[in-house]
Amino acid sequence: MMYIMGIETSCDETACSAVKDGQEILSNIISSQFIHTRYGGVVPELASRAHIKLIVPVIEETLKVAGLNFSDIDGIAVTIGPGLIGALLVGVSIAKSLAYSLKVPLIGVNHLEGHIFANFLTHRDLKPPLISLIASGGHTELVFVEKKCKYRRLGGTLDDACGEAFDKVAKLLGLKYPGGQEIEELAKGGDPQYVKFPRANIAGYNFSYSGLKTSVLYYIEKIGEKKKKEHLKDIAASFQDAACDSLVDKTVRASTELKIDKILVVGGVARNKTLRKKFENSGLKAYFPSMELCSDNAAMIASCGYVHIKMGETSDLSISPSARLPL
Ligand code: KG4
Ligand code: ZN
């Protein structure tokens, strides 16, 4: 039996989890920092300060819910990037201290690889080769998963991430941050055909979301405040449709060209029901993590760290986080 504690502080979620043998989640504590709502986006300095305040109580709660003591922990897995450097530093510092004082291995985990493992946690029998679409607030990436822990990046966004586009368009529509869920709720009663927003046609397996965002902005400016209010639902639904189509189209292309039909869709945007429906209708075998594992969490980090530790990989106590760590 092996208990791994995962720690995740790459953005605005302070998260800790205890996972048994890489698969069984004993506790998964996520404290979302609501302070950023006031500013309409994540303020990096405020995120770091909130992580400092929250990380110890979140770790204590993790042990309490799991019914474990520090002495039961066999390894510490922590997100080392990509993410906000000040935010990552908080998690990495406490992870190093814990690993050192408990005399257990430390493993630095790539946040994107963590997202992929969220899907292995939900669908235990999934076996590579697979294609993974990572769509979150910070990333929109297509990755070929040759086997567990072996990846080849196929492409990614050239500008904004898909979740970021949801957040920015939500702001334009007067909705709260984070905007993904807000847009999804608003779009429920709307007509997705109301405005034909562009689906960017970028070469290869790359994505672009800044054009879509700008075209929503221009559209809203053109129709004026009164019509915008009347058709808020339709605009939200039309944007959501365009944003999801781009994700599905590129994934279908990758699937056809690589001849792989098993797709892992991960990251915060994977929560979106329209996206799930479009994948269902695409003919691909698309797998999604459970809702709570789509967004940032530490169970995925613990599960990924477990596999690396089992492979004999551990990190030195001198590791430092990297804001732009590639997969
Ligand atoms: O994976 P995540 O929690 O954090 C990052 O690593 O970025 O993803 C957060 C992003 C936000 O941009 C949020 O608006 C988006 O995921 N999101 C959604 C939905 N729920 C969260 N986007 C579309 N539909 C949703 N239901
Ligand atoms: Zn994430």
Side-chain angles (χ1 to χ4, degrees), residues 6-15 17 28 30-34 36-37 40-42 44 47 78-84 87-88 91 109-119 132-141 143 156-157 160-173 175-188 190 192 207 209 212-213 236-237 239-248 264-279 288-301 304 321 323-325 327:
I7 294 175
E8 155 65 44
T9 64
S10 68
C11 192
D12 59 344
E13 253 86 37
T14 312
S17 172
N28 189 25
I30 304 166
S31 175
S32 300
Q33 305 174 357
F34 294 106
H36 307 288
T37 309
V42 178
V78 62
T79 305
I80 49 161
L84 302 170
L88 290 163
V109 171
N110 184 302
H111 182 77
L112 300 176
E113 187 177 18
H115 272 299
I116 293 172
F117 269 78
N119 228 323
S132 184
L133 169 68
I134 306 167
S136 70
H139 306 276
T140 307
E141 303 266 314
V143 176
T157 183
D160 292 353
C162 184
E164 188 181 354
F166 269 91
D167 295 335
K168 287 179 175 167
V169 168
K171 204 169 175 177
L172 294 176
L173 299 182
L175 305 172
K176 282 204 309 276
Y177 173 85
Q181 189 70 37
E182 298 278 318
I183 290 202
E184 180 166 11
E185 290 302 321
L186 182 65
K188 269 179 191 157
F207 303 86
Y209 277 98
L212 173 58
K213 175 193 67 190
F239 159 76
Q240 176 175 258
D241 211 58
C244 294
D245 274 350
S246 302
L247 292 179
V248 177
L264 310 184
V265 189
V266 300
V269 184
R271 298 171 65 93
N272 189 283
K273 303 243 172 38
T274 296
L275 182 68
R276 289 180 177 223
K277 226 326 87 69
K278 282 183 185 289
F279 267 111
F288 294 83
S290 61
M291 280 294 183
E292 73 276 14
L293 294 179
C294 285
S295 311
D296 287 351
N297 66 84
M300 66 187 194
I301 303 301
C304 181
R324 299 189 172 276
L325 190 71
L327 186 63

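Residue indices begin at 1 and follow the sequence shown. Every number for a ligand or one of its atoms is a count from 1 in the order of the listing. Being a predicted model, the structure only gives us computed values, none of them experimental.
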Would you call S10 and D296 a side-chain contact if the rule is heavy atoms closer than 4.5 Å? yes

Quick check: does H115 have an N/O/S atom under 2.8 Å of the Zn ion (ligand 2)? yes

Taking every heavy atom of L88 against every heavy atom of P82, the minimum-distance pair comes out as CD1-C, 4.2 Å

In short, L84 meets A47 closest at the heavy-atom pair CD1-CB, 4.4 Å

H115 heavy atoms within 4.0 Å reach ligand 1 at atoms 1 (O), 6 (O)

Tell me, which N, O or S atom in H111 is closest to the Zn ion (ligand 2)? NE2

Nearest to atom 26 (N) of ligand 1, what protein heavy atom do you find, and at what distance? E184 OE1, 2.7 Å

Please determine whether any non-hydrogen atom of K273 lies less than 4.0 Å from an atom of ligand 1. no

Quick one: look up the protein heavy atom nearest atom 18 (C) of ligand 1 and list residue, atom name and how far away it is. G180 CA, 3.4 Å

Backbone or side chain, does any N or O of G138 fall under 3.5 Å from an N or O of ligand 1? yes

When only distance counts, is D296 in polar contact with ligand 1, meaning an N/O pair under 3.5 Å? yes

Looking only at protein heavy atoms, what sits closest to atom 9 (C) of ligand 1 is G137 N, 3.7 Å

For the side chain of T9 and the backbone of A87, is there at least one donor-acceptor N/O pair under 3.5 Å apart? yes

Show the atoms of ligand 1 that are less than 4.0 angstrom away from any heavy atom in V269. 16 (O), 18 (C), 22 (N)

As an exercise, state the distance from SG of C304 to CD1 of I116, rounded to the nearest 0.5 Å. 8.5 Å

Any idea which heavy atoms bring T274 and E184 closest together, and the distance? N-OE2, 4.3 Å

For atom 14 (O) of ligand 1, closest protein heavy-atom neighbour: D167 OD1, 2.7 Å

Tell me whether the rings of H139 and H111 are parallel (<30°), tilted (30 to 60°) or perpendicular (>60°). tilted

Y209 and T140: which non-hydrogen atoms are nearest, and at how many Å? CE1-CG2, 4.3 Å

Students should be able to answer this: which protein heavy-atom is nearest to atom 21 (C) of ligand 1, and at what distance? G268 O, 3.4 Å

Would you say NZ of K176 has more than 12 non-hydrogen atoms from neighbouring residues, nucleotides or ligands within 6.0 angstrom? no

What is the name of the N/O/S atom of D296 that is nearest to the Zn ion (ligand 2)? OD1

Check H139 against ligand 1 and report side chain, backbone, both or neither, counting heavy atoms closer than 4.0 Å. neither

N272 versus ligand 1: do any nitrogen or oxygen atoms come within less than 3.5 Å of each other? yes

Which of the atoms in ligand 1, numbered in the order shown and given with their element, are less than 4.0 Å from a heavy-atom of H111? 6 (O)

Taking atom types as modelled and ignoring hydrogens, do the side chains of E292 and N28 form a donor-acceptor contact shorter than 3.5 angstrom? no

